[in-house]
> 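Handing you this structure, nothing more for now.
Values reported hereafter were calculated over all heavy atoms of this structure, with side chains retained and with hydrogens, waters and symmetry mates removed. Proteins come first, then strands; the chains are lettered A, B, ... in the order of their sequence lines, and each starts at number 1.
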Number of protein chains: 2
Amino acid sequence: MIRLLDDPLRARIIEQLADGPACTCHLVDDLGAKQPAVSHHLRILREAGIVVAEPRGRFTFYRLLPEAIDEAAERLTALADRARSTAGSRRECS
Amino acid sequence: MIRLLDDPLRARIIEQLADGPACTCHLVDDLGAKQPAVSHHLRILREAGIVVAEPRGRFTFYRLLPEAIDEAAERLTALADRARSTAGSRRECS
DNA sequence: TGCTGATATCAGGACAGGCTGATGTGATCC
DNA sequence: GGATCACATCAGCCTGTCCTGATATCAGCA
């Protein structure tokens with residue numbers, strides 16, 4: 001999941017969605033990207049369960065799922081904790 | 001920084017380093033990757049401040065910096081919190 | 001000093017993934 | 001029902017980036 005945030009445009013889409021749900025046209029306007037590119041990334045994020053699509057007539061609103069973000073954050077924290085607790089060990093070289 | 005965890009091999013290197021400091025030869029052995037590839041990623045992680053290199057004679061030990069990981073985790077948590085607090089708003093479509 | 005082993009770097013090829021223009025699909029409005 | 005708008009998808013190009021084989025660097029040891 002972490003690796004889904006790697007793309008610059010994708011990161012900006014997520015930042016934008018963190019400020020509130022938005023439809024594709026908002027994202028296209030605000031980010032200055034082409035519509036197919038935005039749709040492409042939204043599809044990826046949707047399939048990864050990071051955002052959900054809520055069709056409203058001709059528009060499609062996208063909403064960020066905080067649980068998905070939190071899960072990634074917790075995984076990182078666990079990693080950091082593990083590193084801290086093993087910092088003292090030192091393996092031999094063959 | 002998040003985007004530095006996107007590569008599969010890089011992620012495995014970080015996982016490995018979370019279990020304790022290791023030198024390049026350990027990583028090469030454990031991950032089954034070629035040495036230049038491992039060195040390449042270590043350089044990227046080093047320049048990003050995610051790991052530090054500690055030369056010890058002919059060997060170079062690498063250590064994960066938990067603070068860098070924590071910082072990324074906090075940024076994600078902040079993002080999730082922001083999304084939660086703005087979930088109710090809804091922008092108009094032009 | 002010459003040799004060996006551990007890393008780092010370089011150059012080149014290969015592949016994944018993003019971007020764009022064109023097109024398809026529904027929903028709304030007249 | 002036809003036009004239009006918002007959005008999704010498709011096909012093709014293109015760039016970034018990863019991997020590999022070769023080579024350079026540097027420490028330890030005889």
> In whole angstrom, what separates A:Leu9's CG from D:dG16's P?
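Taking atom P of D:dG16 as the reference, CG of A:Leu9 is at 16 Å.
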> May I have the distance from A:Phe61 (atom CZ) to D:dA6 (atom P), rounded to whole angstrom?
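It works out to 12 Å between those atoms.
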> Should B:Asp30 and A:Arg91 count as an ion pair when the cut-off is N to O under 4.0 Å?
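Result for this pair is yes, salt bridge flagged.
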> Output the rounded distance in Å from CZ (B:Phe59) to C1' (D:dC29).
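Atom CZ in B:Phe59 sits about 13 Å away from atom C1' in D:dC29.
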> Between C1' on D:dC18 and CG on B:Leu45, what's the gap in Å once rounded to a whole number?
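So the CG-C1' distance, B:Leu45 to D:dC18, works out to 14 Å.
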> Can you tell me if the side-chain N/O atoms of B:His40 get under 4.0 Å from OP1 or OP2 in D:dC18?
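Yes, because at least one side-chain N or O of B:His40 sits under 4.0 Å from OP1 or OP2 of D:dC18.
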> Is a salt bridge present between B:Arg84 and A:Asp70, judged by a nitrogen-to-oxygen distance below 4.0 Å?
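Salt bridge between B:Arg84 and A:Asp70, a charged N being under 4.0 Å from a carboxylate O: yes.
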> Is any side-chain N or O of A:His41 closer than 4.0 Å to OP1 or OP2 of C:dC19?
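True: A:His41 side-chain N/O within range (under 4.0 Å) of C:dC19 OP1/OP2.
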> Nearest to the side chain of B:Cys25, which nucleotide is it out of C:dT7, D:dC7, C:dA8?
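Nucleotide nearest to B:Cys25's side chain: C:dT7.
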> Starting from the C-alpha separation in whole Å, work towards a yes-or-no answer on side-chain contact (heavy atoms from CB on, under 4.5 Å) for A:Lys34 and A:Val28.
CA-CA 6 Å; A:Lys34 297 294 172 64; A:Val28 170; over 6 Å; no
> Can you figure out which of D:dC18, C:dC10, C:dC19 approaches the side chain of A:Ala37 most closely?
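Looking only at side-chain atoms, A:Ala37 lies closest to C:dC19.
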> Between C1' on C:dC19 and CG on A:Asp7, what's the gap in Å once rounded to a whole number?
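Spelled out: CG on A:Asp7 to C1' on C:dC19 is 10 Å.
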> Can you find a donor-acceptor pair, distance only, under 3.5 Å between B:Gln35 side chain and C:dA6 base?
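It does not, because no donor-acceptor pair links the side chain of B:Gln35 to the base of C:dA6 below 3.5 Å.
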> Could you give the NE2-to-P distance, from A:His26 to D:dC7, as a whole number of Å?
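In whole Å, D:dC7 P lies 9 Å from A:His26 NE2.
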> In whole Å, what is the span from the NZ atom of A:Lys34 to the C1' atom of C:dA22?
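Value for this atom pair: 13 Å.
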> According to a strict under-4.0 Å criterion, is B:Thr60 in side-chain N/O contact with OP1 or OP2 of C:dA6?
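No, B:Thr60 has no side-chain N/O under 4.0 Å of OP1/OP2 on C:dA6.
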> Please check the phosphate of C:dT9 (OP1 and OP2 only) for any side-chain N or O of B:Ser39 closer than 4.0 Å.
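For B:Ser39, the contact criterion (side-chain N or O under 4.0 Å from OP1 or OP2 of C:dT9) is not met.
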> So if I take every side-chain heavy atom of B:Arg58 and compare against D:dC18, D:dA8, D:dA27, which nucleotide ends up nearest?
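Looking only at side-chain atoms, B:Arg58 lies closest to D:dA27.
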> What is the distance, to the nearest angstrom, from the CZ atom on A:Arg46 to the C1' atom on D:dC7?
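Going from CZ in A:Arg46 over to C1' in D:dC7 covers 10 Å.
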> Step by step, work out the side-chain contact (heavy atoms from CB on, under 4.5 Å) result for A:Asp7 and A:Ile13.
CA-CA 10 Å; A:Asp7 184 81; A:Ile13 290 177; over 6 Å; no
> Between C:dC10, C:dC19, C:dG18, which one does the side chain of B:Pro36 approach most closely?
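Given the options C:dC10, C:dC19, C:dG18, the side chain of B:Pro36 is closest to C:dC10.
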> I want to check one thing: is the phosphate of D:dC18, taken as OP1 and OP2, less than 4.0 Å away from some side-chain N or O of B:Arg10?
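Yes, B:Arg10 has a side-chain N/O under 4.0 Å of OP1/OP2 on D:dC18.
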> Does the side chain of B:Tyr62 get closer than 4.0 angstrom to OP1 or OP2 of C:dA8 through an N or O atom?
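So the side chain of B:Tyr62 is within the cut-off, an N or O lying under 4.0 Å from OP1 or OP2 of C:dA8.
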> I need the minimum non-hydrogen distance between B:Asp19 and A:Thr86, along with the two atoms involved.
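In this case the closest contact between B:Asp19 and A:Thr86 is C-OG1, 3.3 Å.
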> Under 4.0 Å, heavy atoms only, any strand: does B:Leu42 hit a base, just the sugar-phosphate, or nothing?
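It contacts nothing in the nucleic acid.
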> Between C:dT7, C:dC19, D:dC7, which nucleotide gets closest to the side-chain atoms of A:Thr24?
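Between C:dT7, C:dC19, D:dC7, the one nearest the side chain of A:Thr24 would be D:dC7.
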> Does NZ or CZ of B:Arg46 lie under 6.0 Å from the centre of the six-membered ring of B:Tyr62, at an angle within 45° of the ring axis?
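Pair B:Arg46/B:Tyr62 does not count as cation-pi.
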